[in-house]
2 protein chains.
Amino acid sequence: MGTRHNVVPQGGKVRKSTDRDESQEELILEAAKRVFFRKGYAAARMQEIADEAGANKALVHYYFRNKEKLFHHIFKSSFKAFWPSLESVFVGEPDVRQLLKALISLYVDLLEKMPYLPNFIITEINRDPEKVAGLIKETGIQPEKLMAVIGKAMSQNQMVKMDPRELILNTVGMCVFPVITRPLLGYMLWPDEGAYEKYLSGRKASLFAFVCRATGLEVDKN
Amino acid sequence: MGTRHNVVPQGGKVRKSTDRDESQEELILEAAKRVFFRKGYAAARMQEIADEAGANKALVHYYFRNKEKLFHHIFKSSFKAFWPSLESVFVGEPDVRQLLKALISLYVDLLEKMPYLPNFIITEINRDPEKVAGLIKETGIQPEKLMAVIGKAMSQNQMVKMDPRELILNTVGMCVFPVITRPLLGYMLWPDEGAYEKYLSGRKASLFAFVCRATGLEVDKN
DNA sequence: CTTTACTTTGACCAAATGGTTAAACTAAAT
DNA sequence: ATTTAGTTTAACCATTTGGTCAAAGTAAAG
């Protein structure tokens, strides 16, 4: 198979990158991601990953020592992705309404692109909770900021008082649930061809309206 | 091991039941349920099931031919359980408010007893959607009745108009999500000892209130 | 007691699977 | 050209795992 090498001259002894259009290491990583996503850890096979990456099984081990390490690698980045970058929303004075809108929007978009993510994470949460605990600290994820904004709005009577954590859970739960049960919904609630997709397209707005009503925020504003 | 046999005299050649305090077949089934619940199909081991049932591995195959059939057996009954018996709520004239209250109550109670159920079902939905399709028809589950009551209440302006399916999804989703993400929540949102359990105990009421507000129903009534 | 029919077990098997190793290969550096 | 260091492969291995089988066990029926 055609192997072209690009040179990135550097000091020291670093030569490393035998980059192709896309390095094998990266191809393997992407293949592994796909396989782990659709099969889960236990059912995923190193051979299948190798095949899908167009590589040898031993090469997979060469780059990522073993199955567990390879999985950890992927899980880590996936887990981070599941904490959508809400940072951008926090610029300027944070408005609860906009914040919730952004939260829903971010999750709906993310889940449309990566519908396997929730089930993947959930499976691993149950398989090895200890690991996830460590991961959380590594990633430095902290929902405190989000909760603070919500809590403040509640104390100022801008919205119905409730446990901010519960509001977040409810919101994210409603975003995620239709995605993880999608195969079922196609049979049970949206049997018509394309009906589910149609529902999805309007979900962002209807979900936001639902949350607004539940929290006492204005549904429409500007 | 002590093997006592009870006799249930019968006509014909039926002798069958070598019932003990609890027949081996049932013990195996229960063990399999536990193992499948916590490991998922792929990671579950026939040996582990046998061990946990205090039986021989070959015996497991004797009763349930193979892993797939054993799993199917369990999945079928579990899947049915996940459709809580709302029938009891339909006696008399169905009131939407009471119906939603019952739906939430049923799910919260069910999930407290069987927290592994959702993840178990979700995993299988993704592993073999075809099978689930057939299963749904077998079980004869039909959410139509529930949806009809909701739809009627909406057309009578007793509550905010929206897609009844979406309301059901939202409601069930909020019930289920905290359960499937429980291991995570312990670390992230309710780190204090016993704090999550405390939250759970009040969830039934707060969830119902949330849904009432979102749908425009009265939170308190009688 | 003997037969009958179900139950239980230990030994065994073929296939799959994660992982290893030594050798071949490739391209940059000397 | 030779060395050097990372890359790739084929062959191989040990273990696990789902599954089988023939033999032994057991209680009720004849």
Side-chain angles (χ1 to χ4, degrees), chain A residues 1-29 31-32 35-36 39-74 127, chain B residues 1-29 31-32 35-36 39-74 127:
Chain A
M1 298 132 197
T3 10
R4 266 162 296 113
H5 282 235
N6 308 330
V7 193
V8 183
Q10 261 175 293
K13 55 157 140 178
V14 184
R15 178 155 33 82
K16 190 156 189 167
S17 61
T18 315
D19 301 309
R20 317 172 161 202
D21 297 25
E22 207 159 359
S23 72
Q24 275 292 60
E25 186 173 358
E26 195 137 332
L27 282 181
I28 290 172
L29 209 54
V35 174
F36 277 131
K39 296 288 187 82
Y41 179 83
R45 300 291 164 233
M46 295 299 271
Q47 186 61 59
E48 189 177 351
I49 292 172
D51 290 346
E52 197 150 327
N56 188 292
K57 194 180 61 159
L59 192 57
V60 180
H61 282 86
Y62 169 73
Y63 280 117
F64 303 94
R65 195 70 185 167
N66 59 38
K67 189 182 181 182
E68 184 69 33
K69 283 204 170 60
L70 173 56
F71 183 80
H72 185 75
H73 204 96
I74 289 165
R127 197 177 70 89
Chain B
M1 298 133 198
T3 10
R4 266 162 296 111
H5 283 234
N6 307 329
V7 194
V8 183
Q10 262 174 293
K13 55 156 138 177
V14 184
R15 176 152 39 78
K16 192 157 187 166
S17 61
T18 316
D19 301 310
R20 318 174 159 201
D21 298 26
E22 206 160 359
S23 71
Q24 275 291 62
E25 186 173 358
E26 195 136 335
L27 283 182
I28 290 171
L29 209 54
V35 175
F36 277 131
K39 297 287 187 82
Y41 180 83
R45 301 290 164 232
M46 295 299 271
Q47 187 60 58
E48 189 177 352
I49 292 172
D51 291 346
E52 197 150 327
N56 187 295
K57 192 180 62 160
L59 191 58
V60 180
H61 282 87
Y62 169 73
Y63 279 117
F64 304 93
R65 196 69 184 167
N66 59 38
K67 189 181 181 183
E68 186 66 34
K69 283 204 170 60
L70 173 56
F71 183 80
H72 185 75
H73 204 96
I74 289 165
R127 198 177 70 89

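Proteins come first, then strands; the chains are lettered A, B, ... in the order of their sequence lines, and each starts at number 1. Values reported hereafter were calculated over all heavy atoms of this structure, with side chains retained and with hydrogens, waters and symmetry mates removed. All figures in this text were calculated on a predicted structure; none of them were measured in a lab.
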A:Lys57 or A:Tyr62: which one's nearest nucleotide on DNA chain D is closer to the 5' end? A:Tyr62
Determine whether B:Leu70 and B:Tyr63 make a side-chain contact, defined as any pair of heavy atoms from C-beta on separated by less than 4.5 Å. no
If every non-hydrogen atom of B:Gln24 is compared with every non-hydrogen atom of B:Ala55, which pair is closest and at what distance? NE2-CB, 3.6 Å
Expressed as a whole number of angstroms, how long is the span from A:Asp51:CG to C:dA16:C1'? 14 Å
For A:Leu59 and C:dG18, what is the distance between atoms CG and P respectively, to the nearest whole Å? 16 Å
Name the nucleic acid region contacted by B:Tyr63, choosing base, sugar-phosphate or nothing; use a 4.0 angstrom heavy-atom cut-off, strictly under. sugar-phosphate
Describe the nucleic acid contact of A:Ala44 in one word from base, sugar-phosphate, nothing, applying a heavy-atom distance below 4.0 Å. sugar-phosphate
State the CD1-CD distance between A:Ile49 and A:Gln47, to the nearest 0.5 angstrom. 10.0 Å
Using heavy atoms to find the nearest nucleotide of DNA chain C for A:Ala58 and A:Met46 separately, return the residue whose nucleotide is more 5′. A:Met46
Is a donor-acceptor pair below 3.5 Å formed from side chain A:Lys67 to base C:dG19, judging by atom type as modelled? no
In whole Å, what is the span from the CG atom of A:Leu70 to the C1' atom of C:dT17? 15 Å
Starting from P on C:dT9, measure out to CD on B:Gln47 and report it in whole angstrom. 12 Å
Of the candidate nucleotides D:dG19, C:dC6, D:dA10, which contains the atom at the shortest distance from the side chain of A:Asn56? D:dA10
A:Lys67, A:Arg127, A:Glu68 screened by side-chain hydrogen bond (donor to acceptor under 3.5 Å, both in side chains) with A:Tyr41, the one that passes: A:Glu68
Short side-chain N/O contact from A:Arg45 to OP1 or OP2 of C:dG18, under 4.0 Å: yes
Length of the CD-P vector between A:Gln24 and C:dC25, whole Å: 18 Å
CZ of B:Phe64 versus C1' of C:dT8: gap in Å, rounded? 15 Å
Any side-chain N or O of B:Arg65 below 4.0 angstrom from OP1/OP2 of D:dG19? no
Between atom NE2 in B:His61 and atom P in C:dC6, what is the gap in whole Å? 21 Å
Contact between B:Leu29 and B:Phe64 at the side-chain level, heavy atoms closer than 4.5 Å - yes or no? yes
